Participant: 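My questions all concern the structure below.
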Amino acid sequence: PRICVLSGGVGAARLLAGVTRRKLAPATTAVVNTGDDTWIAGVRVCPDLDTITYTLSGLVNPHTGWGIAPETFSALTMLRRLGGPTWFTLGDRDIGLHLYRTDRLRRGEGLRSITRDVVRRLGIDIDLVPMSDDEVATMLTVRTDDGVAEVGFQEYFVAMRHQPHVERIRYDGIATARPHPDARTAIAEADLVIIAPSNPFLSVFPILELGDLGDLVRDARDRTVAISPIVGGQAIKGPAASIMADFGLEPSATSVAQLYAPYAGTLVVDHRDGALAGDVERHGVRAVVMDTMIADPDRSADLVDRLVQVVGSDR
Ligand code: FO1
Ligand code: CA
């Protein structure tokens, strides 16, 4: 089957590692959030694309889930000595990729075609499609001891360690950004659309709110499966649970079902949340209970097999 995975960073990367195991990779496209992307020290940083790229090429730092291991930091040491940014870490090997990407961007090439070449040269067999070649920036209005301020995603996530209360999230540039045509095609032609266990507000809604991508997913609702990023009331990783609470939503698979009800006909909930299946279905979303802990690629591959079965059996 043709599979399209709507992807953030770490959660999506682990799911895609399972796809690679199952030889489904050549028929799989990941449509990747670029709302995290930013300019740091003159280079274009694309965390979700790179997290997936490094995971699938075996370069990823397994302790952080992002960046490369082994890694050295000589360039960063010099950058900081000169007064460059101290709150963001870029390793030497990682900087190599950033120089390559930034050079081509400055020559006017699109992020999609640059990413295609990176993926090919690093031996990855899944097509990674940035949601857009146009810049979109996730911006958060946060409340700190110093008052209320709007900050960029990396400042919130890295510099503030995603601790502040979030009052509002918007995606700067989304009204004029164009979805990449390959992202539109991947969704429209997929037999199975998977919404990865990524943060709904920070990773998935930037994709769903871009141009007509959300409409295309609604049209594919019967063959769209979301995997809850909330298990046992907590996020698998990162601030998804705390942001839901900040927005007045109970952090639970039930709230995830409510958020994705227009887009996904099925929600996969972890067996630890099996008791929530009835609540999920009250939102008009079929609940499927599975083991969603996919830290290793074999378990992720098993999950992908079951998703193919679950949606395939309906068609
Ligand atoms: N996350 C951090 O917590 N601290 C960092 O210094 C950091 C650097 C970094 C550099 C390149 C890159 O691709 C990702 C990086 N990340 C870092 C992760 C990044 O902030 C991601 O957006 C988050 O993991 C959320 O997906
Ligand atoms: Ca991310």
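Numbering starts at 1 and runs along the sequence shown. Atom set for the values below is all heavy atoms of this structure, side chains included, hydrogens, waters and symmetry mates excluded. Here the structure is a predicted model, which means the values were calculated and not measured. We count ligands from 1, going down the list as the structure has it; atoms in each ligand are counted the same way.
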Participant: Could you go through Asp279 and Arg282, starting from their C-alpha distance and side-chain angles, then the distance that decides it, and tell me whether this counts as salt bridge (Lys or Arg N to Asp or Glu O under 4.0 Å)?
Facilitator: CA-CA 5 Å; Asp279 293 339; Arg282 269 187 280 284; 2.5 Å; yes

Participant: Which of the numbered atoms in ligand 1 are below 4.0 angstrom from a heavy atom of Phe88?
Facilitator: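 Those atoms are 6 (O), 7 (C), 8 (C), 9 (C), 10 (C), 15 (C).
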
Participant: Let me confirm one number: the OG1-NE2 distance from Thr115 to His180, rounded to the nearest 0.5 Å.
Facilitator: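 That separation rounds to 9.5 Å.
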
Participant: Against heavy atoms of Leu90, which atoms of ligand 1 measure under 4.0 Å?
Facilitator: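 Ligand 1 atoms under the 4.0 Å threshold to Leu90: 10 (C), 11 (C).
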
Participant: Could you tell me whether the side chains of Tyr54 and Arg93 share a donor-acceptor contact shorter than 3.5 Å?
Facilitator: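 On atom types as modelled, these side chains do not qualify, holding no pair under 3.5 Å.
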
Participant: Does Arg112 pair with Asp133 as a salt bridge, N-O distance under 4.0 Å?
Facilitator: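 Salt bridge absent between Arg112 and Asp133.
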
Participant: I need the atoms of ligand 1 closer than 4.0 Å to a non-hydrogen atom of Phe153, numbered in the order shown.
Facilitator: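 With Phe153 as reference, the close atoms of ligand 1 come out as 22 (O), 25 (C).
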
Participant: Check Leu202 against ligand 1 and report side chain, backbone, both or neither, counting heavy atoms closer than 4.0 Å.
Facilitator: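 For Leu202, there is no contact with ligand 1 at all, from either part.
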
Participant: Could you tell me the separation between the CE atom of Met244 and the CD atom of Glu250, rounded to the nearest 0.5 Å?
Facilitator: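 One finds 8.5 Å between CE of Met244 and CD of Glu250.
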
Participant: Answer yes when Asp298 and Arg21 have at least one side-chain N-carboxylate O distance shorter than 4.0 Å, and no when they do not.
Facilitator: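 Yes, this pair counts.
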
Participant: Using a 4.0 Å heavy-atom cut-off, which part of Asp36 comes near ligand 1: side chain, backbone, both, or neither?
Facilitator: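 The answer is the side chain of Asp36.
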
Participant: Which one holds for Thr64 and ligand 1: side chain close, backbone close, both close, or neither close, with close meaning a heavy atom under 4.0 Å?
Facilitator: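 For Thr64, no heavy atom sits under 4.0 Å from ligand 1.
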
Participant: Is the closest heavy atom of Tyr54 to ligand 1 under 4.0 Å?
Facilitator: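 Flag not set, Tyr54 not near ligand 1.
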
Participant: Of all the atoms in ligand 1, which lie at a distance below 4.0 Å from a heavy atom belonging to Asp48?
Facilitator: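 Once the distances to Asp48 are compared, the set is 26 (O).
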
Participant: Restricting to N, O or S atoms of Asp36, which is nearest to the Ca ion (ligand 2)?
Facilitator: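 For Asp36, the N, O or S atom at the smallest distance from the Ca ion (ligand 2) is OD2.
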
Participant: Mind checking whether Pro47 has a heavy atom under 4.0 Å from ligand 1?
Facilitator: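 Flag set, Pro47 near ligand 1.
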
Participant: Does either side chain, that of Arg286 or that of Thr266, offer a donor lying less than 3.5 Å from an acceptor on the other one?
Facilitator: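 Looking only at side-chain atoms, Thr266 and Arg286 do form a donor-acceptor pair, the distance falling under 3.5 Å.
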
Participant: Return the minimal non-hydrogen interatomic distance between Val204 and Ile195, and the atom names on each side.
Facilitator: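 Minimum heavy-atom contact is CG1-CG2, 3.7 Å.
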
Participant: Considering only N, O or S atoms, which atom of Asp48 is nearest to the Ca ion (ligand 2)?
Facilitator: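 The Asp48 atom nearest to the Ca ion (ligand 2), restricting to N, O or S, is OD1.
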
Participant: Specify the protein heavy atom at minimum distance from atom 16 (N) of ligand 1: its residue, its atom name, and the distance to 0.1 Å.
Facilitator: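 Here the closest protein heavy atom is Trp66 CD2, 3.3 Å.
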
Participant: Counting non-hydrogen protein atoms only, what is the nearest one to atom 23 (C) of ligand 1? Give residue, atom name and distance.
Facilitator: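 Going atom by atom, the protein heavy atom closest to atom 23 (C) of ligand 1 ends up being Phe157 CE2, 3.4 Å.
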
Participant: Taking 4.0 angstrom as the limit and counting only heavy atoms of Asp94, give me the atoms of ligand 1 inside it, by number and element.
Facilitator: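 Counting from 1, the qualifying ligand atoms are 11 (C).
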
Participant: Can you name the one residue among Arg272, Arg299, Arg306 that meets side-chain hydrogen bond (donor to acceptor under 3.5 Å, both in side chains) with Asp291?
Facilitator: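 Result for side-chain hydrogen bond (donor to acceptor under 3.5 Å, both in side chains) with Asp291: Arg299.
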
Participant: Should the heavy atoms of other residues, nucleotides or ligands under 6.0 Å from CZ of Arg80 be counted, would the total exceed 12?
Facilitator: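 Enclosed.
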
Participant: Would you mind telling me if ligand 1 is within reach of the side chain of Arg161, the backbone, both or neither, using heavy atoms under 4.0 Å?
Facilitator: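 Arg161 to ligand 1: no contact under 4.0 Å from either part.
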
Participant: Could you find the nearest protein heavy atom to atom 8 (C) of ligand 1 and give me its residue, atom name and distance?
Facilitator: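 Residue, atom and distance for the closest contact: Thr89 O, 3.1 Å.
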
Participant: Would you check the N or O atoms of Gln154, main chain and side chain alike, for any that come under 3.5 Å of an N or O of ligand 1?
Facilitator: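 Yes, since at least one N or O of Gln154 sits under 3.5 Å from an N or O of ligand 1.
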
Participant: Quick test of your reading of the model: are Asp127 and Arg120 salt-bridged, counting only N-O distances below 4.0 Å?
Facilitator: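 A salt bridge is absent here (no side-chain N lies under 4.0 Å from a carboxylate O).
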
